[in-house]
Amino acid sequence: MTEVASPHIGSPRIMVLGVQPGNPPFRIVEIDGEVVGEAKTVTDVLSAAAASGIVVHDLDDPDVVRWVGGDKFTWTLHWGRT
């Protein structure tokens, strides 16, 4: 038997990290484990992906994009949340 007994847990090629303070706030984008730039909108994420030769069909697919500290709609800091 050549299969591994444990399931494969892959990581997506694109990681969008949590919102960082700035004017405007931004999120750091990593592709294949390397920082490729800052995103201020979801369009910036798609542009970074395209520049790396990645076509994104579904931004909600966790096998394609991992959103850390929010989702594709999270682009501002929320201070004082309880």
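By convention here, the first residue in the shown sequence is residue 1. All heavy atoms count here, side chains included; hydrogens, waters and symmetry mates do not.
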- prompt: Got a donor-acceptor contact below 3.5 angstrom from the Trp75 side chain to the Ala39 backbone?
  reply: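 Looks like no, no N/O pair under 3.5 Å.
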- request: Please name all residues satisfying side chain to side chain donor-acceptor pair (under 3.5 Å) with Thr74, sequence neighbours left out, ordered by chain then number.
  value: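 Checked Thr74 against side chain to side chain donor-acceptor pair (under 3.5 Å); matches are Asp71.
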message: Restricting to side chain to side chain donor-acceptor pair (under 3.5 Å), what partner residues turn up for Asp60, sequence neighbours left out?
response: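 Asp60 satisfies side chain to side chain donor-acceptor pair (under 3.5 Å) with Lys72 once adjacent residues are dropped.
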query: So which residues get pulled into Val55's cluster when ILVMFWY side chains under 4.5 Å apart are joined, directly or through others?
result: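 Once heavy-atom contacts under 4.5 Å are chained together, Val55 still belongs with nothing else.
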- prompt: Hey, what else clusters with Phe26 if you join Ile, Leu, Val, Met, Phe, Trp, Tyr whenever side-chain heavy atoms sit under 4.5 Å?
  reply: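 Result for Phe26 is Met15, Leu17, Ile28, Val35, Val68.
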task: Taking all non-hydrogen atoms of both residues into account, name the closest pair between Pro12 and Val65 and its distance.
output: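 For Pro12 and Val65, the tightest heavy-atom pair comes out as CB-N, 3.8 Å.
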task: Just jot down the side chain to side chain contact (heavy atoms under 4.5 Å, CB included) partners of Thr76, sequence neighbours excluded, or say none.
output: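 Side chain to side chain contact (heavy atoms under 4.5 Å, CB included) check on Thr76 returns His78.
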Find out whether [X] and [Y] are in side-chain contact, i.e. whether some heavy atom of one side chain is under 4.5 Å from a heavy atom of the other.
X: Phe73; Y: Val42; answer: no
X: Pro25; Y: Val19; answer: yes
X: Val16; Y: Ile14; answer: yes
X: Asp58; Y: Val64; answer: no

message: Checking Asp32 now: which residues fulfil salt bridge (charged side-chain N to carboxylate O under 4.0 Å, His left out) with it, not counting sequence neighbours?
response: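 Per chain and number, Asp32 pairs via salt bridge (charged side-chain N to carboxylate O under 4.0 Å, His left out) with Arg13.
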message: According to salt bridge (charged side-chain N to carboxylate O under 4.0 Å, His left out), does anything in residues 33-46 pair up with another residue at least two apart or in another chain? List the pairs.
response: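 Listed by first then second residue: Glu38-Lys40.
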message: Show me the pairs that pass side chain to side chain donor-acceptor pair (under 3.5 Å) and involve residues 46-57, at least two apart or across chains.
response: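 Pairs touching residues 46-57 that pass the test: none.
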